[in-house]
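Structure, as structure tokens:
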Protein chains: 2
Amino acid sequence: MAEAVISSPKRDHLMATAWRLFYRDGYRAVGIDTLIAEAGVAKMTLYNHFASKDELIIGVLEKRDCELRASINDQVNATDGSAAEKLLSVFDWLERWFGSTDFNGCAFIRALSEYPDPRHPIHQAAWRHKVAMQGALTELCSQAGAHNPAALANTLSLLIDGAIVAAQATGSTAPARSARDTAATLLALAVQKPA
Amino acid sequence: MAEAVISSPKRDHLMATAWRLFYRDGYRAVGIDTLIAEAGVAKMTLYNHFASKDELIIGVLEKRDCELRASINDQVNATDGSAAEKLLSVFDWLERWFGSTDFNGCAFIRALSEYPDPRHPIHQAAWRHKVAMQGALTELCSQAGAHNPAALANTLSLLIDGAIVAAQATGSTAPARSARDTAATLLALAVQKPA
DNA sequence: AAGAAAATATACAGACCTGTCTATTTTGTG
DNA sequence: CACAAAATAGACAGGTCTGTATATTTTCTT
């Protein structure tokens, strides 16, 4: 018995294919027929695992949210040195991401773009990811000794999202370096000064 | 004779309606039939003025690019005070924008999101806007006395785009304030120090 | 008022969209 | 082996999509 239904090979394979196509081409741009053809799966298999395309998109985003945060966490844990160095290593992670061959911007920013209505469940799923990321960043800022960790995390979030957009627009990894340098400056100020 | 075709009432009206719908709902989400119904115009009128939906989108983006830069320019010129204050007034402009009822994120970031292929003409039109904005920002940074105006403008761009994304995700104007505060700090450092 | 240009309504092509239904085959388990 | 669950192919419904064709009417200019 054990939980059942929560995971199955077909379902996982469907989610992996969906992620790849949605991230490459966009959510509205990829149709169900394209998706199942690429996954090599019958249409009813998809609709037995997901109630609708929107549910599939939300599932993909939630899975990506988990993986992303786990990956960043690994990077931080693998970084030796001070809490400040750990925090800044997030920007090294960014730089590697920007340089990867399939980098195509942030799936969550793109979801916000394609589903701008705040009441739309996909919009909300993307928003939840942003909140979770801010929370993780705040924790890192706190450990790095910032006097106002939430405020610093908030500002670093702006830098990160801005860098992602710039990297997507230009195809360069340089924005990660700019963001990292600025983050280092801001962190130094946030540790010494209360505001 | 005089130039002809470059502007006409129908064409302008079509572009205005297209802008409103595309910005509200997304580029792929709005169909031609919806568009012409909303504009109260025959389909052939649209296709006599624009070769395709993509051309219409590009036209809308280019018009928006002009208007946006003109609006920011007005804000800067209307701001009395030092060059630094003029530069920072861009963030006041942002805050007003975020607070406007029809704010829905950045049309260009959303275009990048929906048309991720760098070879796509819509993607390229959005990219051109980003370049133009950086140029204008660099000029302002230079006048404000930054030792490396391009570098500062680059960083401020990250803050601005990050703030736009955050404002879109949360529906709050607060990111403009965070970005402004950080910009003020960075500007002060960039004026006194060479790097 | 006459002729040219622009805009109109309408139908159409051909493709794609999400989601459902059914009947059959495969797969996994006791 | 036998039974049940899962996956399959394929058709189908009812829309929507972009773009074209055509024939008519309106608008502008001279």
Side-chain angles (χ1 to χ4, degrees), chain A residues 1-19 21-22 24-61 110-111 114-117 120-123 125, chain B residues 1-22 24-61 110-111 114-115 117 120-123 125:
Chain A
M1 311 284 160
E3 303 279 299
V5 203
I6 218 170
S7 174
S8 84
K10 286 284 173 193
R11 187 188 159 95
D12 291 349
H13 177 239
L14 223 23
M15 296 246 300
T17 304
W19 161 254
L21 296 187
F22 286 147
R24 192 187 64 190
D25 298 334
Y27 303 101
R28 292 197 130 99
V30 177
I32 293 293
D33 290 332
T34 305
L35 184 54
I36 61 174
E38 190 78 12
V41 150
K43 188 178 278 195
M44 277 315 294
T45 303
L46 189 157
Y47 280 105
N48 280 333
H49 284 291
F50 302 93
S52 65
K53 183 185 177 181
D54 282 4
E55 294 277 320
L56 171 60
I57 293 173
I58 291 170
V60 164
L61 287 178
R110 290 174 61 194
E114 287 208 54
Y115 302 91
D117 185 343
H120 197 293
I122 295 177
H123 187 103
Chain B
M1 311 285 159
E3 303 279 300
V5 203
I6 219 171
S7 173
S8 84
K10 287 284 173 194
R11 187 187 159 95
D12 292 349
H13 178 238
L14 223 24
M15 296 245 300
T17 304
W19 160 255
R20 185 167 54 84
L21 297 188
F22 286 147
R24 191 186 63 191
D25 297 334
Y27 303 101
R28 292 197 131 99
V30 176
I32 293 292
D33 289 333
T34 306
L35 185 53
I36 61 174
E38 191 79 11
V41 151
K43 188 179 276 195
M44 279 313 294
T45 303
L46 189 156
Y47 280 104
N48 280 334
H49 284 291
F50 302 93
S52 65
K53 182 185 177 180
D54 282 4
E55 293 277 321
L56 171 60
I57 293 173
I58 291 169
V60 164
L61 287 178
R110 290 174 60 192
E114 288 208 52
Y115 302 91
D117 185 342
H120 197 293
I122 294 177
H123 187 104

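Every chain is numbered from 1, with letters handed out A, B, ... down the list of sequences.
With contacts defined as side-chain heavy-atom distances shorter than 4.5 Å, the pair B:Lys43/B:Asp33 qualifies. For the pair B:His120/B:Asp54, a side-chain contact is recorded, criterion being any heavy-atom separation below 4.5 Å from C-beta on. For the pair B:Leu35/B:Leu56, a side-chain contact is recorded, criterion being any heavy-atom separation below 4.5 Å from C-beta on. Taking the side chain as every heavy atom from C-beta outward, A:Leu61 and A:Phe22 never approach each other to under 4.5 Å.
Regarding contacts with the backbone of C:dA6, every side-chain N or O of B:Thr45 stays at 4.0 angstrom or more from both OP1 and OP2. Checking the phosphate oxygens (OP1, OP2) of C:dA7, a side-chain nitrogen or oxygen of B:His49 falls inside 4.0 Å.
What separates NE2 of A:His13 from C1' of D:dA6 is a distance of 16 Å, to the nearest Å. The CD1-P distance, from A:Ile36 to D:dA7, rounds to 14 Å in whole Å. In this structure, B:Lys10 atom NZ and D:dT27 atom P are separated by 9 Å, rounded to whole Å. Atom CG of B:Asn48 and atom C1' of D:dT22 are 13 Å apart (whole Å). With rounding to whole Å, B:Leu35 atom CG is found 16 Å from D:dT16 atom P.
A donor-acceptor pair under 3.5 Å links the side-chain atoms of B:Glu114 to the main chain of B:Arg28, judged by distance alone. Formation of a donor-acceptor pair under 3.5 Å by the A:Lys53 side chain with backbone atoms of A:Gly31 is not found in this model.
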For nucleotides 14-30 of chain C, read 5' to 3', which letter fits each nucleotide if B means a protein heavy atom sits under 4.0 Å from the base, S means only the sugar-phosphate is that close, and - means neither? ---SBBBBB--------
